[in-house]
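Keep in mind that what you see is a predicted model, and the values were worked out from it rather than measured.
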Amino acid sequence: MYTEYDPQHEAEAAMKRAAEAEGADRQRLIQLALAWHELARDLRDEQAGHSHPAGHRPSAR
């Protein structure tokens, strides 16, 4: 899958912006960063051949 976005870079950028924000904007940017981070992780897993069926991800410990 080709994408013009680098999800890890986008996650880091969103967290930097969140650190400078306040209130609802901060929370929204944190959620955005987490979404980008999850996408980056999913792409890494896909490239490594570790795809998981939807809803069946290993739990974080």
Side-chain angles (χ1 to χ4, degrees):
M1 175 178 141
Y2 172 78
T3 177
E4 61 187 79
Y5 296 102
D6 175 2
Q8 187 62 39
H9 175 76
E10 296 294 335
E12 291 169 7
M15 282 306 290
K16 287 178 184 176
R17 291 193 329 242
E20 298 170 355
E22 296 180 6
D25 284 340
R26 182 182 201 126
Q27 185 62 37
R28 181 182 58 83
L29 287 165
I30 290 170
Q31 290 173 331
L32 178 62
L34 290 171
W36 277 116
H37 179 72
E38 183 175 347
L39 179 59
R41 184 184 61 222
D42 289 349
L43 289 174
R44 281 192 307 267
D45 287 350
E46 183 179 294
Q47 290 171 350
H50 298 116
S51 61
H52 302 288
H56 295 91
R57 297 182 193 278
S59 59
R61 294 182 185 185

Contacts table for residues 15-28: side-chain donor-acceptor under 3.5 angstrom, sequence neighbours left out:
from	atom 1	to	atom 2	distance (Å)
Arg26	NH1	Ala21	O	3.3

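Between Gln8 and Arg41 the shortest side-chain heavy-atom distance does not fall below 4.5 Å.
The residue from Arg44, Glu38, Glu46 that alone fulfils the side-chain contact (heavy atoms from CB on, under 4.5 Å) condition with Asp42 is Glu38.
For residues 17-48, the pairs satisfying ring pair (Phe, Tyr, Trp, His ring centres under 6.0 Å) are Tyr5-Trp36, with sequence neighbours left out. Counting only residues at least two apart or in different chains, ring pair (Phe, Tyr, Trp, His ring centres under 6.0 Å) contacts with residues 11-31 are absent.
Linking ILVMFWY side-chain heavy atoms closer than 4.5 Å, directly or via other members, places Leu39 and Ile30 in two distinct hydrophobic clusters.
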